[in-house]
Amino acid sequence: MAIILIAASEHLQALKKRDDFKEAQTFSDSEALRALEVITRKRPDIVALERSFASTTRGAALINRIKADPKLSACEIRIISHDSAYSRVAAHTDAPGDGTAVAVVTPAPVAPLDQRGTRRAPRFRIVDGVEVMVDGNVAFLIDLSVVGAQVMSPTILKPNQRIRMSLPEGRGSLRFGAVVVWAAFELAQTGPRFRAGIDFFDADPATVTKFCDAKKKKK
């Protein structure tokens, strides 16, 4: 039985010692895109995701990508915990019909998406439909802080990719350098898209804060 195991690096070694994963091919959570390439090529019987990774944006995107691929319909996804228990992810659900990504049912309560670790600066959700430019291509802003952002882009974005980003500012724009920290493929009804986390290099904090105050969602 072919098994692929993906886990946060701090948990990977311990999980590999378990009898059910001794023969598994393993990847750390930072290797999610490479893991997806192997999953697509090898079509394993089981893909096991450690719970803290499965609860991140990247983990959810990986689950969605697998469940959306008809060639991987026989692949069972398991969400595993440190207590040796696991949960199976339910089969395909009906698409929501509003252009959002193909949905799956995730097991048990999990942490909010991509909230592991400590933020270097407060991050705020942005109102829907705010456009930014990433290397000259339109992307949509999801959340924003003075040191980074999350965007949704129809153009491919890859981890470690250096980019130029601009935020609309009055009649002009605020331009600065940035790098893609992580990226995840999503298959939406409107077509493929990429959700990405971006770190800023030289953005002016005061200007970004002013933009954020104007565009953030109200509680």
Next on the checklist: Taking R175's backbone N and O only, do any of them form a donor-acceptor pair with S173's side chain (distance below 3.5 Å, no angle check)?
Outcome noted: no
Checklist entry - Taking a hydrophobic cluster as the set of Ile, Leu, Val, Met, Phe, Trp and Tyr residues connected by side-chain heavy atoms closer than 4.5 Å, whether directly or through intermediates, do L33 and L157 fall within one such cluster? => result no
Next on the checklist: Rounded to the nearest 0.5 Å, what separates atom CD1 in I80 from atom NE2 in H11?
Outcome noted: 10.0 Å
Checklist entry - Quick one: CG on D135 to CD1 on I163, what's the gap to the nearest 0.5 Å? => result 6.0 Å
Item to check | Beyond-backbone contact of F53 with R51, side-chain heavy atoms, under 4.5 angstrom | outcome: no
Item to check | Any V180 side-chain heavy atom under 4.5 Å of N160 side chain | outcome: no
Item to check | Residue pair L5 / R18, side-chain heavy-atom distance below 4.5 Å | outcome: no
Checklist entry - Hey, does F200 have a side-chain heavy atom less than 4.5 Å from the side chain of L144? => result yes
Checklist entry - Roughly how far apart are R123 CZ and S145 OG, rounded to 0.5 Å? => result 4.5 Å
Checklist entry - Between K216 and D143, is the closest basic N to carboxylate O distance under 4.0 Å? => result no
Next on the checklist: I need the minimum non-hydrogen distance between L62 and A32, along with the two atoms involved.
Outcome noted: CD1-O, 4.5 Å
Checklist outcome for this item: Taken to the nearest 0.5 Å, the spacing of C75 SG from D45 CG works out to 8.0 Å
Item to check | ILVMFWY cluster, V181 and F124 together (side-chain gap under 4.5 Å) | outcome: no
Next on the checklist: With heavy-atom distances below 4.5 Å as the criterion, would you say the side chains of F211 and P168 are in contact?
Outcome noted: yes
Item to check | Non-hydrogen side-chain atoms of K16 and K22 separated by less than 4.5 Å | outcome: no
Item to check | Hydrophobic cluster membership, I77 vs V38, 4.5 Å side-chain cutoff | outcome: yes
Checklist entry - Say you draw a straight line from CD of E186 to CZ of R193; how long is it, rounded to the nearest 0.5 Å? => result 5.0 Å
Next on the checklist: Please report the interatomic distance CG(L72) to OG1(T40), rounded to the nearest 0.5 Å.
Outcome noted: 5.5 Å
Item to check | Ionic contact status for K210 with D213, cut-off 4.0 Å | outcome: no
Checklist outcome for this item: Of all heavy-atom pairs linking A203 and V208, the shortest is CB-CG2, 3.9 Å
Checklist entry - Is M152 reachable from V134 through a run of I, L, V, M, F, W or Y residues, each pair having side-chain heavy atoms under 4.5 Å apart? => result no
Checklist entry - In terms of hydrophobic clusters joined by side-chain contacts under 4.5 Å, are L174 and I126 together? => result yes
Checklist entry - Can a salt bridge be assigned to the pair R34 and E31 using a cut-off of 4.0 Å between side-chain N and carboxylate O? => result yes
Item to check | Aromatic ring proximity, centroids under 6.0 angstrom, F194 and F185 | outcome: yes
Item to check | Side chains of V151 and I142 in contact at under 4.5 Å (non-hydrogen atoms) | outcome: no
Next on the checklist: Within the 4.5 Å heavy-atom criterion, are V130 and F140 side-chain neighbours or not?
Outcome noted: no
Checklist entry - For K217 and D128, what are the C-alpha separation, side-chain angles and deciding distance, and is it a side-chain contact (heavy atoms from CB on, under 4.5 Å)? => result CA-CA 9 Å; K217 286 186 175 180; D128 297 339; 3.5 Å; yes
Next on the checklist: For a side-chain contact (heavy atoms from CB on, under 4.5 Å) check, start with the C-alpha distance between L49 and R78, then their side-chain angles and the critical distance, and finish with the verdict.
Outcome noted: CA-CA 6 Å; L49 290 83; R78 295 183 180 181; over 6 Å; no
Item to check | Pair L12-E50, side-chain contact (heavy atoms from CB on, under 4.5 Å): steps then yes or no | outcome: CA-CA 9 Å; L12 196 56; E50 190 268 328; over 6 Å; no
Checklist entry - Quick check: does any side chain N or O of D199 sit under 3.5 Å from a backbone N or O of V179, one acting as donor and the other as acceptor? => result no
Next on the checklist: For a side-chain contact (heavy atoms from CB on, under 4.5 Å) check, start with the C-alpha distance between E76 and I66, then their side-chain angles and the critical distance, and finish with the verdict.
Outcome noted: CA-CA 9 Å; E76 179 184 323; I66 294 171; over 6 Å; no
